[in-house]
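Written below as structure tokens is the structure these notes are about.
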Number of protein chains: 2
Amino acid sequence: MPEPSDAAPAPAEPSLEEQIAAYQREFQDLDPQVEQIVSALQRLNRRMNVAYGRQTATLGMSNAEWEVLKALVVSGAPYQLGPGELAKRLGLTPAAMTHRIDRMASEGLVTRERDETNRVRVIVELTHEGREKWLEAMRMATVFEEELLQDLSGRERQLLGEALTHLLRRVEDTQPDAEGRLNDLN
Amino acid sequence: MPEPSDAAPAPAEPSLEEQIAAYQREFQDLDPQVEQIVSALQRLNRRMNVAYGRQTATLGMSNAEWEVLKALVVSGAPYQLGPGELAKRLGLTPAAMTHRIDRMASEGLVTRERDETNRVRVIVELTHEGREKWLEAMRMATVFEEELLQDLSGRERQLLGEALTHLLRRVEDTQPDAEGRLNDLN
DNA sequence: CCTGAAGACTTCAACACTAAAGTTCGAAGC
DNA sequence: GCTTCGAACTTTAGTGTTGAAGTCTTCAGG
């Protein structure tokens, strides 16, 4: 029987600090401060999406479906958008949107019908049930988000929000969209 | 010909500000400051992933493959990990990892071989070419990241990094992993 | 030994997404 | 009015992922 201590070192999932130390070790001219920001951002976003996924799962839907509900609600009454517009806002192809709407319509979250004034168009409309689901998800999400930020003072929140908004504006200016798929991890 | 102004209002992709205003309109008790942080974080992360995707594409690989290279590099010399361990670190199922390693091995980025001391295990090892690809991707990524953060002072970067790290720690404590798939948008 | 159980990876079937081709409708020219 | 073109959506083929079942190896008993 081998020594339990040095046989299989058990790789151990690297913490953020370990990961940044590894990057510095393997890549000389790295600014650890920049890397900390970027890596923390990515890990945080990932964890948050997992948490949202757990919440939406308790409502019997996926994050993907929640995204559609969000887009429709944000569009405002009468909560109608076309598949193409939805696809653009979610960063999907129209083909994927077709199938996603199929599922959601069969679950009663949205309705799909032809626009009778222009029969090329299709109108996807939020149902009452869809709106209720969105509200429930929103309640859970805001509780989670408030809990997440609970240690930050109002001042800290303001600074964080401003910094992130500034970075977002910068990346939007620098990378003029040109349609961005995503569905990638990280 | 209809008036161009009021016929089709052209939904217009909502900006961050418009999205938050819509949330407030549709959901009464919402803290706009919290929502700004969360929404900016999500949008920023998404845009960054699209940017990384463009960069890795110029190297003839996908973000998915880059993730594997990163995990191997972070593990340190001799840059070896098993499929199961890789899957856990990337948040994929072992099945997906098998196929991803297939592709990467056929592209020469990694090698796959049985561990002769324990023939149940498989060892995935970074090749020289894989390491070079990682280095090139890293060079491009750091340029992009530095450019992204260029308007922030050292002090601002420090505060941002601390805030994000704190939030990450909080979410890691609150949501004890329990394996998290992701592959979801936003 | 031989058997049974557990672990690590792979295979298989189902599903979601992308890219490209196809369909349908509306509008503009002739 | 017929044709052509473009717009909006759907269909099809191929890829990547999940969950479950299967295979192979090791280890512990009997």
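Order of the sequence lines sets the chain letters (A, B, ...), proteins ahead of strands, with each chain counted from 1.
Rounded to a whole Å, the CD atom of B:Glu116 is 11 Å from the P atom of D:dT25. In this structure, A:Asn118 places its CG atom 16 Å from P of C:dT24, rounding to the nearest Å. Taking atom CZ of B:Arg112 as the reference point, atom C1' of C:dC9 lies 9 Å away to the nearest angstrom. Rounded to whole Å, atom P of D:dT10 lies 13 Å from atom CD of A:Glu113. B:Glu67 has its CD atom 11 Å from the P atom of D:dT17, to the nearest Å. Rounded to an integer number of Å, the gap from B:Glu85 CD to C:dC9 P is 9 Å. Rounded to whole angstrom, the span from the NZ atom of A:Lys88 across to the P atom of D:dA7 amounts to 12 Å. Remark: C1' of D:dC9 and CG of A:Leu81 are 15 Å apart, rounded to the nearest angstrom.
With respect to A:Arg157 and A:Glu146, a salt bridge is recorded, a charged nitrogen being found less than 4.0 Å from a carboxylate O. Contact check on A:Glu67 versus A:Arg89 returns no salt bridge, with no Lys/Arg side-chain nitrogen under 4.0 Å from an Asp/Glu carboxylate oxygen.
Of the two residues near DNA chain D, B:Met97 and B:Arg119, the one whose nearest nucleotide lies more 5' is B:Met97.
Picking from C:dT11, D:dT17, C:dA19 the nucleotide with the shortest atom distance to the side chain of B:Thr98 gives C:dT11. For A:Val122, whose side chain is taken as the heavy atoms from C-beta onward, the closest listed nucleotide among D:dG16, C:dT18, D:dC9 is D:dC9. Each of D:dT12, D:dC9, C:dT11 was ranked by its minimum atom distance to the side chain of B:His99; first place goes to C:dT11. For A:Arg103, whose side chain is taken as the heavy atoms from C-beta onward, the closest listed nucleotide among C:dT10, C:dT18, C:dC17 is C:dC17. Taking every side-chain heavy atom of A:Val120 into account, D:dA8 is the closest of D:dA8, D:dT17, C:dT11. Checking C:dC17, D:dT12, D:dA8 against the side-chain heavy atoms of A:Ala95 singles out D:dT12 as nearest. In the set D:dT17, D:dT10, C:dC17, the nucleotide with an atom closest to the side chain of B:Ala96 is D:dT17.
OP1 or OP2 of D:dT17 has at least one side-chain nitrogen or oxygen of B:Arg100 nearer than 4.0 Å.
In this structure, A:Arg114 reaches neither bases nor backbone, as no heavy-atom distance under 4.0 Å exists between it and the strands shown.
Defined by atom type and a distance below 3.5 Å, a donor-acceptor pair is present between the side-chain atoms of A:Thr165 and B:Gln36. Looking at A:Tyr23 and A:Glu18, their side chains never bring a donor and an acceptor atom within 3.5 Å of each other.
A:Leu86 and A:Ala71 get closest at one heavy-atom pair: CD2-CB, 3.7 Å.
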